[in-house]
Amino acid sequence: MLIVLTEVFMSTEYPHTEIESKWKRIWKESGAHHTDLSSTDRKFYGLVMFSYPSAHKLHIGHWYNFAPADSYFRWKRMQGYNVFEPMGYDAFGLPAENYAVAQGVNPTITTAQSVAGIREQLEQIGAMYDWDREVNTSSPQYYKWTQWLFLTLHKMGLAYQKQAPVNWCPSCQTVLANEQVTAEGQCERCGTMLTKRDLKQWFFRITKYADKLLEGLKRLDWPRKTKIMQENWIGRSEGTTISFSIEGQDDPIDVFTTRADTLYGVTYLVFAPEHPLIQEITTEEQRAEVDAYIETVNKATEIERTATDRVKTGVFTGAYVIHPFTNERLQIWVADYVLLGYGTGVVMAVPAHDQRDFEFARKYELPLQIVIQPEGEILDPNMMAEAYETAGTMVNSGEFGGMPSEEGKNAVTQRLEESGKGCSSVNYRLRDWLISRQRYWGTPIPIIHCPKCGKVPVPEDQLPVLLPENVKEFAPKGKSPLAALPQFMEVKCPHCEGAAKRDPDTMDTFVCSSWYFLRYLSPERDDIAFDSDRVKAWLPVDQYIGGAEHSVMHLLYARFIAKALHDANLIHFDEPFTRLRHQGIITHKGEKMSKSSGNVVNPDNFVNEYGSDVFRMYMMFMGDYEQGGDWSDEGIVGIHRFVNRLWRLYQDHAIDSVSDESPELSEKLNYTLNYTIQQVTKNLEDLQFNTAISRMMELLNTLYEETTDGPFPGLTSVLDVFARVVAPFAPHLGEELWHMIQGEACPETTSVFDQPWPDFNPEALVKETITLVVQINGKLRDRIEVPADVDQDAALAKAKASEKVAPYIEGREIRKMVFVPKRLLNIVI
RNA sequence: GCGAAAGUGGCGGAAUUGGCAGACGCGCUGGAUUUAGGAUCCAGUGGCUUAUAGCCGUGGGGGUUCGAGUCCCCCCUUUCGCACCA
């Protein structure tokens, strides 16, 4: 009795728990997801942005990144590619450490727990992860090679230490790179307002690659928006560097301008308040005022300082420069609208033709000289309400008078070059990458500071510099916790063997993640960072999928590292990610999910209730993958129904003994089947999972209609094809359905994912009769059934015969006709 | 302020060399089946009206065209990125 009941139950409801665990077990036992990296024919490297174990759980955003990506990669496998799909943990860094600090437990322990939990959840997804190539950036086996990477860059002169005003997070108690500061001047991780500190820090010379980073973008299949963001971040700007000699000083001061044509309009110079030269040039009379001003500026927060709509302030330093052409004396001012970080930190002020200078000059009654005249209008210095910033004709400009200002840029620059007072130059917004962190949970910087020999790299055979594990005082306190550990800090200098100290800082975790795609290929190797042969055969990554929030940070850093390693002749490519896509954001009830709004969707609940296949398929069905979608607890039942309907169809017909030898598919089914294959194939390439699933639903609906009177010859092969089409979207279900069709003879270790992706038959998509739309004056009046190859006259004849059309044209003259074959006939009267 | 993307039923969303607006799904309505249904199957479902038909309809306003969700111009709203970059 019990058995009968179970069977009844099973025949209606898809038993997801059993089926999913069954196939997970079989895949694991058969090594289905182990990629043979020595077989390089038709390779496909599918990568997702690995997870960052800050707390216990994978959230829905991870699922949304990983599961649809896996569907895409599974499809690539069915297309005959040898797919490599690795997974790992970006386990160092602030979130992991902040979580540990909050728990009062060493991050070594909390991270291990988090990784174990995440690993379990990753298994639930049922993705094709090659667990033999799992990496954890916080393991010595990995960070040994992050240190090697640092030393490689150091050898190339791309890693250097300098004293500089840097972003400081008072909460995380560490410095941050420019990329890790939000638009509001807050810490990218914790949201705390940042301050500036003047510290000696390690930098990577990413600015050296600014042009290469721009150029490389052109070769990439990346979202337009992401490319634009990187371009803007690099911020290339062509202009002229001009030398002004300072009265009473030997060395001239350089300024950068994009408007050399306005050189004759310069009426004063402005220094950034942090500029080191200010102390030297300020006169005794002005010193008190300048010092007071600088102190006020220092007190202002970054956000106050950079607000564009506030009134500009500044003071006169008492010093003067000499104009390179006119030899006029020009005042030097200090003002906080000039930024030390851009150009030379000094600006030549042209109030007539720059709005910022204009506002400043008006406020402090500084002179204004017009040197560009617009067409058909005469500017009057006393009447101007704003600066004239666009092009025009040069005036009051000595020999350049009458020249169009666009030409003037080059002409002036050339004259400066001739007189040795300037040259054309390029400036970037991009700053060097600050990689030091005053934190415990990161890769130690492999440098030893020796009082005699200076900065000495740790010899490669002494790597890794191990991060001490049993540390009680790991909480951040303004300098690296490692600095307080004598057993770590005190070493012998590798050169002179004298007493020396280690570098106490750890590296930005973005260093770890900037090269992980290399490590995945040979994580077992203890003697090299990566296997060159495998790198050559498998990289670059064919498809990379991850969040748009990394558009600038991780993606820019990884590109930089690839270019540096390429220049070191260590890798053959200089762009690591050939094709990139970002998944969108899943909202719930129209809002971003957050603990504070209480609208967080917990994946585990839905995976338990509906199974991971249904969960992943619903995420794919919700909306366009790259745009995201809105989660609905009700919406998921649509996919649940689809899966159950599919299941019942196979339950009812998988064992039908109707012969397949002379298939009798209806024209409609034959069309729908082939149309489905065609569209799903196209949609998958574009990652348009939502419409692909719609097409499969249509096919299922058609199959229900066609099987109401029982099975028909050919049904089994339709079900075989359908199982293969469904498989990438719902891997466990697809595998089960396909095996139901193959029968007992097919071993469980033979996977549907090693079967060919079905081809469609183009002939089946050609219809003999079509519905032609008949319009009168552009308005739809009727639809008529006509042969597909009908001509205009025949179509008109048929249209005239239509009861709905006839009244409109009776007794009226047809003025014009538009006939679009296979689509419509528009009669204009 | 600058740059990018978007705006379509009650809801999520389809539809682009300009050619049937609303595919597919949720929800809702009706029917069938059932002891029962939060199961299943079938049908319907943009709005309005004088309803076997007609009119209106893709943020708003203009335009091009036989024909516009789609192209052009102006405006509004939302999201994202950047923001004194000299």
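Chain letters run A, B, ... following the sequence lines, proteins first, then strands; residues in each count from 1. Computation of the quantities below employed the complete heavy-atom set of this structure, encompassing side-chain atoms and omitting hydrogens, waters and symmetry-equivalent molecules.
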Nearest-Å distance, [atom1] ([X]) to [atom2] ([N])?
{"X": "Q627(A)", "N": "rA4(B)", "atom1": "CD", "atom2": "C1'", "answer": "13 Å"}
{"X": "L646(A)", "N": "rG25(B)", "atom1": "CG", "atom2": "C1'", "answer": "16 Å"}
{"X": "Q775(A)", "N": "rA68(B)", "atom1": "CD", "atom2": "C1'", "answer": "12 Å"}
{"X": "N232(A)", "N": "rA83(B)", "atom1": "CG", "atom2": "P", "answer": "10 Å"}
{"X": "R362(A)", "N": "rC84(B)", "atom1": "CZ", "atom2": "C1'", "answer": "19 Å"}
{"X": "M229(A)", "N": "rA5(B)", "atom1": "CE", "atom2": "C1'", "answer": "12 Å"}
{"X": "N178(A)", "N": "rA83(B)", "atom1": "CG", "atom2": "C1'", "answer": "14 Å"}
{"X": "D624(A)", "N": "rA15(B)", "atom1": "CG", "atom2": "P", "answer": "8 Å"}

**OP:** Please say whether the positively charged group of R559(A), taken as NZ for Lys or CZ for Arg, lies over the ring of W222(A), i.e. under 6.0 angstrom from the six-membered ring centre and within 45 degrees of the axis.
**Re:**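 Yes, a cation-pi geometry holds between R559(A) and W222(A).
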
**OP:** Could you tell me whether R581(A) sits above the aromatic face of Y625(A), with NZ or CZ closer than 6.0 angstrom to the six-membered ring centre and within 45 degrees of the axis?
**Re:**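 No.
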
[N] versus [M] - spacing of their [atom1] atoms, nearest Å:
{"N": "rC42(B)", "M": "rC26(B)", "atom1": "P", "answer": "12 Å"}
{"N": "rU64(B)", "M": "rA83(B)", "atom1": "P", "answer": "43 Å"}
{"N": "rA23(B)", "M": "rG44(B)", "atom1": "P", "answer": "12 Å"}
{"N": "rC56(B)", "M": "rC72(B)", "atom1": "C1'", "answer": "25 Å"}
{"N": "rU65(B)", "M": "rC71(B)", "atom1": "C1'", "answer": "10 Å"}
{"N": "rU52(B)", "M": "rG57(B)", "atom1": "C1'", "answer": "23 Å"}

Scan [X] against the nucleic acid and name what it touches under 4.0 Å (heavy atoms): base, sugar-phosphate only, or nothing.
{"X": "N690(A)", "value": "sugar-phosphate"}
{"X": "Y625(A)", "value": "nothing"}
{"X": "N826(A)", "value": "base"}
{"X": "R429(A)", "value": "base"}
{"X": "R781(A)", "value": "sugar-phosphate"}
{"X": "R641(A)", "value": "sugar-phosphate"}

Original post:
Is there a side-chain contact between F760(A) and T676(A) (heavy atoms, below 4.5 Å)?
Top reply: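 Side chain of F760(A) against side chain of T676(A), heavy atoms only: no contact under 4.5 Å found.
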
Nucleotide paired to [N] in any strand shown, Watson-Crick or G-U, under 3.5 Å:
{"N": "rC24(B)", "value": "rG12(B)"}
{"N": "rA4(B)", "value": "rU79(B)"}
{"N": "rG30(B)", "value": "rC42(B)"}
{"N": "rU52(B)", "value": "none"}
{"N": "rG19(B)", "value": "rC66(B)"}

Once you measure the plane-to-plane angle for [X] and [Y], does it fall in the parallel (<30°), tilted (30-60°) or perpendicular (>60°) bin?
{"X": "F325(A)", "Y": "Y264(A)", "answer": "tilted"}
{"X": "Y675(A)", "Y": "Y671(A)", "answer": "parallel"}
{"X": "F615(A)", "Y": "F606(A)", "answer": "parallel"}
{"X": "Y364(A)", "Y": "W333(A)", "answer": "tilted"}

For [N] and [X] - does any side-chain N or O of the residue sit under 4.0 Å from the phosphate oxygens OP1/OP2?
{"X": "Y808(A)", "N": "rG54(B)", "value": "yes"}
{"X": "T691(A)", "N": "rC24(B)", "value": "no"}
{"X": "K225(A)", "N": "rA5(B)", "value": "no"}
{"X": "K779(A)", "N": "rC56(B)", "value": "yes"}
{"X": "R224(A)", "N": "rA5(B)", "value": "yes"}

Original post:
For rG9(B), does the O4'-C1'-N9-C4 (purine) or O4'-C1'-N1-C2 (pyrimidine) torsion place it in syn, i.e. within 90° of 0, or in anti?
Top reply: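 The base of rG9(B) is oriented syn (glycosidic angle within 90° of 0).
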
